[in-house]
Amino acid sequence: MRIGDIAQRAGVSTRSLRYYEEQGLLASERTSTGQRTYPESAVERVRLIQQFFTAGLASRTIQRVLPCVDSGEASAEAFALLEAERARITAAMADLAAARDALDRMIDIAHNPTAEHCPALREPAWAPLESLAG
DNA sequence: GTTCTTACA
DNA sequence: TGTAAGAA
């Protein structure tokens, strides 16, 4: 398949695919005219690369991890890297959950305004100035 | 019409 | 990463 096909099927730009290749994440063959050619499996590989980027892995890290995907086994260093990334993602998930919980509390307050949380409810807007001064 | 490389924002 | 230019 040509670069445009892969891009469309994997949902990324052709620019990204060329970038991945430059970073050593994605291989391709060339036709006699220089156009890149990819096997069907490239689509799935690109999606995996996307997931890793989304999960916060650096391209350099992805570059070290992908060989494991290809070989089906990990060297000692690669294994340590996988565990480290897993731990980082787990921690990131906890942070996200905490942020979500905070938003949940804010949403709840927004739905049930109380004088404690909403200053605007403490002072009647229609109160005469004298009553405020006095 | 697509893709390629190179380069700039 | 997006986009532009000029060539294939």
Side-chain angles (χ1 to χ4, degrees):
Chain A
M1 290 186 277
R2 292 187 305 178
I3 193 170
D5 302 320
I6 303 295
Q8 183 168 45
R9 291 222 235 169
V12 302
S13 65
T14 57
R15 173 77 165 87
S16 293
L17 295 181
R18 297 193 184 98
Y19 175 71
Y20 296 164
E21 182 173 318
E22 189 180 298
Q23 298 301 303
L25 306 179
L26 181 67
S28 77
E29 297 189 325
R30 297 299 183 111
T31 65
S32 58
T33 58
Q35 292 198 335
R36 268 167 270 246
T37 277
Y38 305 84
E40 181 79 36
S41 59
V43 176
E44 188 183 359
R45 190 183 182 80
V46 171
R47 287 183 178 145
L48 177 62
I49 292 172
Q50 277 293 304
Q51 288 189 311
F52 282 155
F53 271 127
T54 299
L57 276 71
S59 63
R60 174 167 145 278
T61 303
I62 298 176
Q63 184 178 157
R64 292 170 174 167
V65 160
L66 282 180
C68 303
V69 178
D70 300 325
S71 67
E73 51 188 1
S75 63
E77 311 95 73
F79 187 75
L81 193 57
L82 292 172
E83 287 196 310
E85 286 304 318
R86 206 200 105 90
R88 185 185 58 68
I89 289 175
T90 298
M93 288 174 75
D95 288 340
L96 288 173
R100 184 193 54 192
D101 290 347
L103 289 174
D104 279 345
R105 290 192 290 278
M106 295 165 72
I107 289 171
D108 184 59
I109 291 172
H111 282 329
N112 308 290
T114 64
E116 179 194 0
H117 293 110
C118 184
L121 294 177
R122 284 200 280 275
E123 302 282 352
W126 57 85
L129 294 176
E130 295 82 332
S131 68
L132 292 178

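Residue numbers start from 1 in every chain, and the chains themselves are labelled A, B, ... in the order their sequence lines are given, proteins ahead of strands.
Sorted by first then second residue, the side chain to side chain donor-acceptor pair (under 3.5 Å) pairs that include residues 55-77 of chain A, not counting sequence neighbours, are A:R45-A:D70. Evaluation of the salt bridge (charged side-chain N to carboxylate O under 4.0 Å, His left out) test over residues 17-34 of chain A, restricted to residues two or more places apart or in two chains, returns A:E21-A:R30, A:E21-A:R36. Among residues at least two apart or in separate chains, ring-ring contact (aromatic ring centres under 6.0 Å, His included) pairs with a member in residues 35-82 of chain A are A:Y20-A:F53.
Between A:L17 and A:V46 the shortest heavy-atom distance is CD2-CG2, 3.6 Å.
Side-chain contact between A:V12 and A:Q50: present, with at least one pair of heavy atoms (C-beta onward) separated by less than 4.5 Å. A:L121 has its side chain out of reach of A:T114: every pair of non-hydrogen atoms, C-beta onward, lies at least 4.5 Å apart.
Contacts of A:R18 with the nucleic acid, taken as non-hydrogen atoms under 4.0 Å apart, include base atoms.
Within residues 21-45 of chain A, no residue is approached by DNA chain C to less than 4.0 Å at the level of any non-hydrogen atom.
For A:R86, the CZ atom sits in a loose shell: 12 or fewer heavy atoms of surrounding residues, nucleotides or ligands are nearer than 6.0 Å.
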Could you pull out all donor-acceptor pairs under 3.5 Å where a side-chain atom in residues 1-10 of chain A meets a protein atom, sequence neighbours excluded?
| unit_1 | atom_1 | unit_2 | atom_2 | d |
| --- | --- | --- | --- | --- |
| A:D5 | OD2 | A:R2 | N | 3.0 |
| A:R9 | NH1 | A:E40 | OE2 | 2.8 |

**OP:** Take nucleotides 1-6 of chain C nucleotide by nucleotide from the 5' end and write B, S or -, depending on whether a protein heavy atom sits under 4.0 Å from the base, only from the sugar-phosphate, or from neither.
**Re:** BBB---

